[in-house]
Amino acid sequence: MTSASGPVLQRSSALSQFILAPNPGPMSLEGTNSYVLRAAGHPGAVVVDPGPLDEEHLRALAGAGPVELILITHRHADHTAGSARLYHLTGAPVRAADPAHCHGSGVPLQDGEVLGAAGLEARVVATPGHTSDSVCFHLPGDGPQGSVLTGDTILGRGTTMLDYPDGTLGDYLGSLDRLESLGPAAVLPAHGPVLPSLTDAVRDYRTHRLGRLAQIRTALDRLGPDATAGDVADAVYADVDPSVRRAAETSVAAQLHYLRGGTDRL
């Protein structure tokens, strides 16, 4: 949260707090939730998704404790733009699945890797679909059911876009299956409020995606099999706000790719 006196740490779970970045918008909702993780009583901290290149926000993250490690859920700028600056402020390595977003001594994240820092353990879960490099971080010791930092794979409100062609629906549906296997952990999303149950969130997301696929099949029956993503978006997302029209059309392209058996014809 950002107040008149500056950025403020807010509690999100037993092992996590967050600072809301000052970058609200149609795609980022209230802004990016930059998480600060640490075990109880531990002086150090892990920062997840530093957010935009905003000096006041980044200095607040740097001041949340000696930062030992900086993690990135995926490549989009509202998560990564401030990461190099936070590295320079703290000296903490930046790790991401994409080596282009690693800094300092940070090396690319590996699926299934267990990270130890700030007195806690977090397991890397590869969850491509929103983007090809999307990962989540599972904190099994965070409360009775654990928690999962989901980046943009699952949001606190609404549904995520599939950044096709980098993100694909087949990958995304597989990622939902992986997340569901983690059980009813708390969801710590990069945008929007904390959700109480990953199991419920995944099932809602899957239902939404399958419902959209049914709508798109119906639209194709009417428009013809060679309809473009724009044509289908006009039919399926007719009431969407213009500010998110591009995101809707990109997600339609991903769904057409899936329905057409993985071909790249739009």
Side-chain angles (χ1 to χ4, degrees), residues 2 7 9 12 16-37 45-64 67-111 113 115 117-118 122 124-138 148-156 160-168 171-172 175 188-192 246-247 250:
T2 302
L9 272 171
S12 41
S16 74
Q17 298 170 283
F18 71 98
I19 298 176
L20 180 63
N23 62 335
M27 300 300 296
S28 57
L29 305 180
E30 294 87 355
T32 301
N33 298 326
S34 295
Y35 286 95
V36 177
L37 314 178
V46 175
V47 172
V48 180
D49 286 343
L53 185 56
D54 180 272
E55 189 71 11
E56 185 178 24
H57 176 70
L58 296 171
R59 287 191 176 275
L61 291 172
V67 177
E68 300 178 9
L69 179 64
I70 301 164
L71 299 174
I72 301 295
T73 60
H74 67 288
R75 62 180 175 78
H76 285 155
D78 57 326
H79 300 253
T80 61
S83 58
R85 176 57 179 157
L86 188 59
Y87 160 65
H88 288 297
L89 287 171
T90 65
V94 181
R95 300 193 61 191
D98 183 346
H101 294 291
C102 295
H103 301 284
S105 59
V107 296
L109 296 166
Q110 301 298 318
D111 182 35
E113 180 181 2
L115 309 171
V124 179
V125 183
T127 52
H130 171 64
T131 62
S132 61
D133 68 325
S134 288
V135 298
C136 296
F137 301 106
H138 181 208
V148 181
L149 290 97
T150 55
D152 284 5
T153 298
I154 292 180
L155 304 178
T160 194
M161 69 168 286
L162 305 179
D163 197 0
Y164 181 79
D166 182 52
T168 69
D171 280 347
Y172 188 75
S175 292
L188 307 179
H191 304 285
R246 178 192 166 276
T250 302

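As a basis for the values below, the full set of heavy atoms in this structure was taken, side chains included, without hydrogen atoms, waters or symmetry mates. It should be emphasised that the depicted structure is a prediction, and the values quoted were computed from it without experimental measurement.
- Contact check for His191 versus Met27: no side-chain heavy atoms found under the 4.5 Å cut-off.
- The closest donor-acceptor contact from the side chain of Thr32 to the backbone of Asp78 lies under 3.5 Å.
- Counting heavy atoms from C-beta outward, Val124 and Leu115 have side chains that approach closer than 4.5 Å.
- Looking only at distances, a side-chain donor or acceptor of Ser28 sits under 3.5 Å from a matching main-chain atom of Asn23.
- Judged by distance alone, the side chains of His74 and Thr131 never bring a donor and an acceptor atom under 3.5 Å apart.
- For the pair Thr127 and Ile154, the minimum side-chain heavy-atom distance is 4.5 Å or more.
- The side-chain hydrogen bond (donor to acceptor under 3.5 Å, both in side chains) test applied to Thr150 returns no partner, not counting sequence neighbours.
- Of all non-hydrogen atoms in Leu37 and Ser16, the two that sit nearest each other are CD2-CB, 3.5 Å.
- In terms of heavy-atom proximity, Val46 sits nearest to Leu71 at CG1-CD1, 3.8 Å.
- Between Ser34 and His57 the shortest heavy-atom distance is OG-NE2, 3.0 Å.
- The closest donor-acceptor contact from the side chain of Thr250 to the backbone of Arg246 lies under 3.5 Å.
- Note on residues 93-107: pairs passing side-chain hydrogen bond (donor to acceptor under 3.5 Å, both in side chains), not counting sequence neighbours, are Arg95-Glu113.
- Minimum heavy-atom separation, Ala126 to Val135: CA-CG1, 4.2 Å.
- Side-chain atoms of Thr153 and Pro189, non-hydrogen and from C-beta on, never get closer than 4.5 Å to each other.
- A distance of 9.5 Å separates CG of Leu53 from OG of Ser83, quoted to the nearest 0.5 Å.
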Considering only distance and modelled atom types, tabulate donor-acceptor pairs under 3.5 Å from the side chains of residues 86-93, sequence neighbours left out.
| from | atom 1 | to | atom 2 | distance (Å) |
| --- | --- | --- | --- | --- |
| Thr90 | OG1 | Leu86 | O | 2.8 |
| Thr90 | OG1 | Ala92 | N | 3.1 |

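- Here the closest heavy-atom approach between residue Pro50 and residue Leu58 is recorded as O-CD2, 3.8 Å.
- Contact annotation: the side chain of Val36 never approaches that of Val67 to less than 4.5 Å [non-hydrogen atoms, C-beta and beyond].
- Between Leu188 and Asn33, the closest side-chain pair of non-hydrogen atoms is not below 4.5 Å.
- Between Tyr35 and Phe18, the two ring planes are tilted [angle within 30° to 60°].
- Note: Asp166 CG to Asp133 CG = 6.5 Å, rounded to the nearest 0.5 Å.
- Formation of a donor-acceptor pair under 3.5 Å by the Asp49 side chain with backbone atoms of Thr73 is found in this model.
- In terms of heavy-atom proximity, Asp152 sits nearest to Ala190 at OD1-CB, 3.6 Å.
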